Engineer: 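There's a structure below that I have some questions on.
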Amino acid sequence: MATLSEITALLGEARFNWSDPAPWIELERELGMEFPADFREIVDAYGSVEINGQLYLKHPAGHLLHSLGDMIRGDLDLWRDEDMAEFLPSPVGANPGELMPVATATTGEAVFLRIPDDSSSPWRVVVQEFDSPAWTLYEMTFGEWLLAYLKGRDVTLCARDRAPDGPAYAFLP
């Protein structure tokens, strides 16, 4: 599994470093699920950021203008619409096999975590291309997927043309 140290080596020093679990507990209680540890660790380290001018990650802390909880609530409504649901491999939600929206991209992609079928099954990443009906399931954790993205591998989003000087991030206002 990808570690935060591998991501930090490529992306740069994390400067958010959130340690209060309360926003996660509140959001997870509302949604009826727990986020995977690697996703929480990465988002706690970096906060609400734009990576390579392309990928948006958001933190659940309520005081932030760009909150993960607000994004998820809006995206769940969007993807539950019958006109949008047909573009995903399974429904959105917090039940086993469903998809939880966790990130977006300026290039039109939506990033989902696939809820494991049972406690022994791994979390997976699904990326949907908003401008087409295409989606891709990645047999990797969020951390592994983000690491592949930062290394310039094509994981539907691709950083090669977005980060010619190497991966970088900026806080969202």
Side-chain angles (χ1 to χ4, degrees), residues 1-11 21 23-25 27-46 48-52 54-60 68-69 71-81 84-160 162 167 169:
M1 181 171 11
T3 66
L4 181 58
S5 62
E6 292 174 285
I7 290 167
T8 301
L10 290 171
L11 191 54
W24 288 105
I25 293 167
L27 181 58
E28 290 172 343
R29 187 176 301 130
E30 175 188 340
L31 297 173
M33 50 90 60
E34 290 184 16
F35 289 95
D38 69 325
F39 178 75
R40 283 180 62 158
E41 182 181 36
I42 293 162
V43 173
D44 275 345
Y46 286 95
S48 292
V49 294
E50 179 183 48
I51 300 173
N52 298 334
Q54 179 182 32
L55 177 64
Y56 293 109
L57 295 183
K58 297 178 183 177
H59 192 275
L68 178 63
M71 185 212 77
I72 287 174
R73 284 185 284 279
D75 283 359
L76 285 174
D77 287 343
L78 170 75
W79 291 104
R80 283 181 175 141
D81 181 273
M84 298 303 292
E86 67 183 281
F87 296 112
L88 293 174
S90 57
V92 294
N95 295 314
E98 292 183 337
L99 305 175
M100 182 59 63
V102 295
T104 58
T106 59
T107 47
E109 295 84 4
V111 180
F112 299 84
L113 292 175
R114 185 184 180 282
I115 310 295
D117 292 322
D118 56 57
S119 61
S120 65
S121 298
W123 287 84
R124 295 298 181 223
V125 175
V126 171
V127 181
Q128 198 282 334
E129 296 180 62
F130 202 69
D131 58 349
S132 76
W135 56 267
T136 305
L137 170 67
Y138 292 94
E139 295 287 338
M140 52 182 71
T141 66
F142 182 81
E144 291 166 338
W145 178 86
L146 181 60
L147 188 60
Y149 166 74
L150 294 173
K151 288 180 176 181
R153 296 189 183 129
D154 186 355
V155 285
T156 306
L157 275 75
C158 189
R160 283 189 298 268
R162 296 274 176 179
Y169 73 96

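All values derive from a computational prediction rather than experimental measurement.
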Engineer: Of all residues at least two apart in sequence or in a different chain, which pass the side chain to side chain contact (heavy atoms under 4.5 Å, CB included) check with Pro122?
Structural biologist: Arg124
Engineer: So, using side-chain hydrogen bond (donor to acceptor under 3.5 Å, both in side chains) as the criterion, who are the partners of Thr8 when residues are at least two apart?
Structural biologist: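 If we apply the side-chain hydrogen bond (donor to acceptor under 3.5 Å, both in side chains) test to Thr8, skipping adjacent residues, the hits are Tyr46.
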Engineer: Who pairs with Arg80 by side-chain hydrogen bond (donor to acceptor under 3.5 Å, both in side chains), at least two apart in sequence or on another chain?
Structural biologist: none
Engineer: Listed by chain and number, what are the side-chain hydrogen bond (donor to acceptor under 3.5 Å, both in side chains) partners of Trp24, not counting sequence neighbours?
Structural biologist: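 Per chain and number, Trp24 pairs via side-chain hydrogen bond (donor to acceptor under 3.5 Å, both in side chains) with Asp44.
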Engineer: List for me each residue that meets side-chain hydrogen bond (donor to acceptor under 3.5 Å, both in side chains) alongside Tyr169, sequence neighbours excluded, and say none if there are none.
Structural biologist: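 Partners of Tyr169 by the side-chain hydrogen bond (donor to acceptor under 3.5 Å, both in side chains) criterion come out as none, since no residue qualifies.
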Engineer: If you look at every heavy atom in Gly93 and Ile115, which pair is closest and at what distance?
Structural biologist: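 Closest approach of Gly93 to Ile115, heavy atoms only: O-CG1, 3.8 Å.
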Engineer: Among Leu157, Thr141, Ile51, Val125, exactly one meets side-chain contact (heavy atoms from CB on, under 4.5 Å) together with Leu146. Which residue is that?
Structural biologist: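 Result: among Leu157, Thr141, Ile51, Val125, Ile51 is the only option passing the side-chain contact (heavy atoms from CB on, under 4.5 Å) with Leu146.
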Engineer: Using side chain to side chain contact (heavy atoms under 4.5 Å, CB included) as the criterion, list what pairs up with Glu34, not counting sequence neighbours.
Structural biologist: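 Glu34: side chain to side chain contact (heavy atoms under 4.5 Å, CB included) contacts with Glu28.
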Engineer: Which pairs pass salt bridge (charged side-chain N to carboxylate O under 4.0 Å, His left out) with one or both residues in residues 91-111, sequence neighbours excluded?
Structural biologist: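 Every candidate salt bridge (charged side-chain N to carboxylate O under 4.0 Å, His left out) pair involving residues 91-111 fails, so no pair, neighbours aside, qualifies.
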Engineer: Test of understanding: with side chain to side chain contact (heavy atoms under 4.5 Å, CB included), list the residues that count as partners of Ala85, not counting sequence neighbours.
Structural biologist: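 Ala85: no side chain to side chain contact (heavy atoms under 4.5 Å, CB included) contacts found.
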Engineer: Taking side chain to side chain contact (heavy atoms under 4.5 Å, CB included) as the definition, give me every residue that meets it alongside Ser121, ordered by chain and number, with sequence neighbours left out.
Structural biologist: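 Side chain to side chain contact (heavy atoms under 4.5 Å, CB included) list for Ser121, sorted by chain: Pro116, Asp117, Asp118.
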Engineer: Residues two or more places apart in sequence or in another chain: which of them pass ring pair (Phe, Tyr, Trp, His ring centres under 6.0 Å) with Phe130?
Structural biologist: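 Partners of Phe130 under the ring pair (Phe, Tyr, Trp, His ring centres under 6.0 Å) test: Trp79.
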